Amino acid sequence: MNNIDKNFNENEAVETVVQPEITSEKLAQIEYDVKNDEEGQAFLLFQKKFVYKKNWIKTIAFAIVAVLFIISICRKPEQALNYILATLCIAFIFITWYNTKKIRTSLLDALKLIEDDRYIFTLYEDCFKIETIISDEVDENGEKIPPVQPRVVFFDSTVIDVIETDNMFVLILKKDTIYVLPKRCMENEKEEILRNKFKEKTGEKFVTI
């Protein structure tokens with residue numbers, strides 16, 4: 001799931017800007033692709049970390065209100081408004097969780113179209129770079145597909161959360177952009193290099209699950 005932003009668009013071309021020069025040592029380079037199920041796992045982890053907490057707060061608050069209306073119904077069953085308000089609270093809880101799942105499902109459907117795209121992740125001492133490998137294919141007008149500008153991210157200038165699972169590293173930038181690095185595409189040595197550097201640079205924002 002390379003470069004999913006707030007609107008959850010994968011591999012959206014980065015706007016044309018002058019990328020900062022990389023002067024530090026290159027530590028590792030990985031060529032990889034991201035399968036749809038891996039994207040699903042990564043986005044679910046993102047939602048659990050940044051979305052579920054808000055959902056639970058809303059759920060508890062509206063559940064408490066719903067209970068109060070139900071108590072009022074038991075005391076004064078003739079008050080029709082209590083039935084309506086209790087139903088609205090329950091409906092809001094359902095919609096909150098339904099929309100969360102719907103966003104994930106819609107995203108995965110959209111990302112299926114670019115499941116075969118390939119990328120290059122390069123780790124440096126103080127940053128990393130992600131490039132999209134452009135094939136020789138042409139677009140619907142017969143024109144060659146233009147290259148996508150690489151994304152360079154410096155550890156000291158961006159808030160980065162890293163989640164490590166058994167099969168991937170998930171990088172979350174500023175809580176709105178996700179990068180997935182599948183371990184199946186890297187040797188154990190490179191996996192260890194990434195793990196150590198991510199831990200060093202992100203500190204408590206690195207978690208293993």
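Source: prediction; values computed, not measured. Side chains are part of it too, since the values below use all heavy atoms of this structure and drop only hydrogens, waters and symmetry mates.
Taking the six-membered ring for Trp and the full ring otherwise, the centers of F169 and Y179 sit at least 6.0 Å from each other. In this structure, Y52 has its ring center closer than 6.0 angstrom to the ring center of W97.
Once rounded to the nearest 0.5 Å, the distance linking CD1 of I95 with NZ of K102 reads 10.5 Å. How far CD1 of I90 is from CG of L85: 11.5 Å, rounded to the nearest 0.5 Å. One finds the CD1 atom of I172 at 10.0 Å from the NZ atom of K205 (value rounded to the nearest 0.5 Å). Rounded to the nearest 0.5 Å, atoms CG (N196) and NZ (K201) are 13.0 Å apart. Rounding to the nearest 0.5 angstrom, the gap separating the OG atom in S157 from the CG atom in D126 is 9.0 Å. Here OG1 of T87 is found 8.5 Å from CD1 of I70. Values are rounded to the nearest 0.5 Å.
No side-chain heavy atom of P150 sits less than 4.5 Å from a side-chain heavy atom of I130. Counting heavy atoms from C-beta on, the side chains of L194 and L123 come closer than 4.5 Å. Side-chain contact between L45 and I209 is present, with at least one heavy-atom pair separated by less than 4.5 Å. Here the side chains of F92 and L88 are not in contact, with every heavy-atom distance at 4.5 Å or above. The shortest side-chain heavy-atom distance between R151 and T177 falls under the 4.5 Å cut-off. Contact of the I60 side chain with the F62 side chain is not registered, since no non-hydrogen atoms from C-beta on lie closer than 4.5 Å. By the 4.5 Å heavy-atom criterion applied to side chains, Q41 and N167 are counted as neighbours. Using a 4.5 Å heavy-atom cutoff, the side chains of L171 and L181 are in contact.
Between F198 and F121, the two ring planes are perpendicular [angle over 60°; tilted spans 30° to 60°]. Using a 30° and 60° split on the angle between ring planes, F46 and F43 fall in the parallel class, below 30°.
The two residues Y32 and P182 come nearest to each other via the heavy atoms CD1-CD, 3.7 Å. Across all their heavy atoms, D117 and Y119 have their closest contact at CB-OH, 3.4 Å. Nearest heavy atom pair, residue I73 against residue N82, reads CG1-CB, 3.5 Å. Of all heavy-atom pairs spanning N36 and L108, the tightest one is ND2-O, 3.0 Å.
Under the 4.0 Å criterion applied to side-chain N and carboxylate O atoms, E39 and K35 are not assigned as salt-bridge partners. Between R184 and E38 there is a salt bridge, with a side-chain nitrogen of the basic residue lying less than 4.0 Å from a carboxylate oxygen of the acidic one. One finds a salt bridge joining E164 and K183 here, because a Lys/Arg side-chain nitrogen approaches an Asp/Glu carboxylate oxygen to under 4.0 Å.
The environment of OH in Y98 is sparse: at most 12 heavy-atom neighbours from other residues, nucleotides or ligands sit within 6.0 Å. For D166, the CG atom sits in a loose shell: 12 or fewer heavy atoms of surrounding residues, nucleotides or ligands are nearer than 6.0 Å.
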Check the pair I160 / V153 against side chain to side chain contact (heavy atoms under 4.5 Å, CB included), numbers first and verdict last.
CA-CA 10 Å; I160 305 174; V153 178; 3.9 Å; yes

List the steps and the verdict of side chain to side chain contact (heavy atoms under 4.5 Å, CB included) for L111 and E115.
CA-CA 6 Å; L111 296 181; E115 188 176 19; over 6 Å; no

Verdict with reasoning, E125 to K197, per salt bridge (Lys or Arg N to Asp or Glu O under 4.0 Å)
CA-CA 8 Å; E125 182 63 36; K197 182 54 62 177; 2.6 Å; yes

Could you walk me through whether F128 and F155 pass the ring pair (Phe, Tyr, Trp, His ring centres under 6.0 Å) test, one step at a time?
CA-CA 8 Å; F128 63 82; F155 290 110; 5.8 Å; yes

Run the numbers on D161 and K49 for side chain to side chain contact (heavy atoms under 4.5 Å, CB included), then give the verdict.
CA-CA 10 Å; D161 289 84; K49 187 173 181 66; 3.3 Å; yes

Audit row: T100, N55, side chain to side chain contact (heavy atoms under 4.5 Å, CB included) steps and yes/no
CA-CA 9 Å; T100 299; N55 283 6; 2.8 Å; yes

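I93 and F69 are members of different hydrophobic clusters when ILVMFWY side chains are connected at heavy-atom separations under 4.5 Å. One hydrophobic cluster holds both Y124 and F154 under the rule that ILVMFWY side chains link at heavy-atom gaps under 4.5 Å. Linking ILVMFWY residues whenever their side-chain heavy atoms come closer than 4.5 Å, directly or via other members, leaves I103 and F94 in distinct clusters. Hydrophobic clustering keeps V65 apart from I71 (ILVMFWY residues linked when any side-chain heavy atoms are closer than 4.5 Å, directly or through intermediates).
A distance-only check finds a donor-acceptor pair linking the side chain of Y83 to the backbone of P77 [under 3.5 Å].
Checked against side-chain hydrogen bond (donor to acceptor under 3.5 Å, both in side chains), S106 has no partners two or more places apart in sequence or in another chain.
With respect to T122, the side-chain hydrogen bond (donor to acceptor under 3.5 Å, both in side chains) criterion is satisfied by exactly one of K26, E31, Q29: Q29.
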